[in-house]
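Everything below concerns the one structure shown next.
In what follows, chains carry the letters A, B, and so on, assigned in the order in which the sequence lines appear, proteins first and then strands, with residues in each chain numbered from 1. The shown structure was predicted, so the numbers you read here are calculated from the model rather than taken from an experiment.
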Amino acid sequence: MPRNREKKNQKSAPYRIWGENLDIEAIRQMDNACSLPISVKGALMPDAHKGYGLPIGGVLAVKNAVIPYAVGVDIACRVKMSVLDLPFQEYEKNRGKFKIALETETRFGVGQGFARPRQHRVMNDNWSFCPQVRNLKDKAWKQLGTSGSGNHFAEFGQLMLEKNDFGLEKGIYLALLTHSGSRGTGAAIAKHYSALAKKLHPELPRHLNNLAWLDLKSSEGEEYWQAMELMGRYASANHDIIHTGVLHHLGAISILSLENHHNFAWKEQLGHREVIVHRKGATPAGKDVPGIIPGSMASPTFIVRGLGNEAAMCSAAHGAGRKMSRTAAMKKFKQSDMIKLLNQRGITLISAGIDEIPMAYKSIETVMDQQKDLVEILGRFDPKLVKMAPPDRYAKKRTGKK
DNA sequence: ATGTCC
């Protein structure tokens with residue numbers, strides 16, 4: 001539904017909403033994004049909620065420009081699944097070994113890296129095309145193979161493939177699922193280029209400030225694009241290291257691997273013209289494109305195949321979406337509430353903050369129902385062993401303040 | 001989501 005509140009004499013780009021009763025703030029942010037003179041078309045996914053500039057769950061096509069905060073702070077945030085060659089029962093027989101594998105092969109928490117950094121060919125890429133990126137190379141190296149914080153996780157679970165697919169037979173498998181991004185490096189790049197975009201667009205009113213863009217033909221725009229693509233390869237390397245390390249630790253091999261970004265921008269065709277499509281907290285869902293849509297730590301993740309719906313610019317939700325802020329969740333629930341729920345569902349939690357409690361999320365099943373015209377479900381993954389960042393030691397202080 | 005100005 002096109003909206004046109006900000007400028008009466010200039011037509012806003014149209015956008016459609018999937019899902020019901022979405023966060024009013026997210027809708028307002030989408031209105032704002034579609035009112036930009038560069039905007040061509042938008043879409044709002046059923047897991048949408050408020051973010052910086054573009055909402056999480058926002059899809060935005062623009063002309064010849066890129067908006068750093070429409071890509072997101074965690075540039076190239078990504079999910080990856082590896083199906084193991086071990087039967088699922090192998091996990092039940094030897095949980096301790098799987099736990100140690102997750103503990104050993106990645107690191108969680110803000111600022112965390114490896115004391116003995118991992119190696120990856122992505123570090124041989126060009127990191128010297130601008131000073132901002134060059135100065136971050138050392139941090140990026142130390143954080144290779146880490147998972148970060150927030151909603152990021154590493155987990156083992158049971159994958160149920162609904163039919164013969166991906167060269168595998170219908171049935172039950174043991175799988176590793178991870179959610180990580182470009183860590184401190186990507187965040188620093190996002191922050192730098194968004195500040196630069198704001199400086200280049202002093203004419204933007206305050207409510208559009210976080211949507212400041214870089215012209216793709218400008219040196220700044222080209223530089224951001226190059227940095228964003230490097231972060232794409234870097235985030236992919238992080239998952240690669242985790243999966244290679246964990247599987248090696250277990251003496252397992254991968255019989256199927258699936259992965260996708262959900263914070264990124266792509267050059268795509270929209271009708272006859274080339275546009276830049278930003279997907280911020282949105283899964284690419286082009287025709288027959290496989291994707292992963294995670295729920296919370298106690299609800300399923302869905303393996304999907306895109307239906308190529310053009311109204312949504314070939315996109316889908318990237319998860320259940322929060323229904324409660326982190327602060328509200330920390331105020332309302334205790335650690336024991338989380339443990340109780342996980343026990344009921346037979347899930348072992350290694351660590352997580354209360355702000356990630358499943359009750360703070362919408363129902364993933366509802367979100368999937370609301371996007372039946374965007375993706376087809378091919379399988380579900382039920383988490384069994386979950387690791388997330390341990391509680392933030394300032395969390396209590398912050399909730400106390402509000 | 002990050003990292004530190006708490």
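Put simply, CD on Gln132(A) is 21 Å from P on dT2(B), counting in whole angstrom units. Per the geometry, CD1 belonging to Ile56(A) stands 13 Å off P belonging to dT2(B), to the nearest Å. Following rounding to the nearest Å, Lys191(A) (NZ) and dT2(B) (P) show an atom-to-atom distance of 14 Å. Protein atom NZ of Lys139(A) is 8 Å distant from nucleotide atom C1' of dT2(B), rounded to whole Å.
Ionic pairing of Lys387(A) and Glu155(A) is not present here: no N-O contact between side-chain nitrogen and carboxylate oxygen is shorter than 4.0 angstrom. Salt-bridge formation is detected for the pair Arg380(A)/Asp382(A): a Lys NZ or Arg NE/NH1/NH2 atom is positioned less than 4.0 Å from an Asp or Glu carboxylate oxygen.
Side chain to side chain, Asp125(A) and Tyr234(A) fail the donor-acceptor criterion of an N or O pair below 3.5 Å.
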Under the criterion side-chain contact (heavy atoms from CB on, under 4.5 Å), I'd like the reasoning laid out for Leu214(A) against Leu200(A): C-alpha separation, chi angles, the key distance, then a yes or no.
CA-CA 8 Å; Leu214(A) 298 168; Leu200(A) 292 168; 3.8 Å; yes
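Among the atoms of the strands shown, none is found under 4.0 Å from any heavy atom of Tyr69(A). Note on Lys280(A): nothing from the nucleic acid sits closer than 4.0 angstrom, heavy atoms only. Residue contacts for Gln143(A): at a heavy-atom cut-off of 4.0 Å it reaches the sugar-phosphate backbone alone, with no base atom in range.
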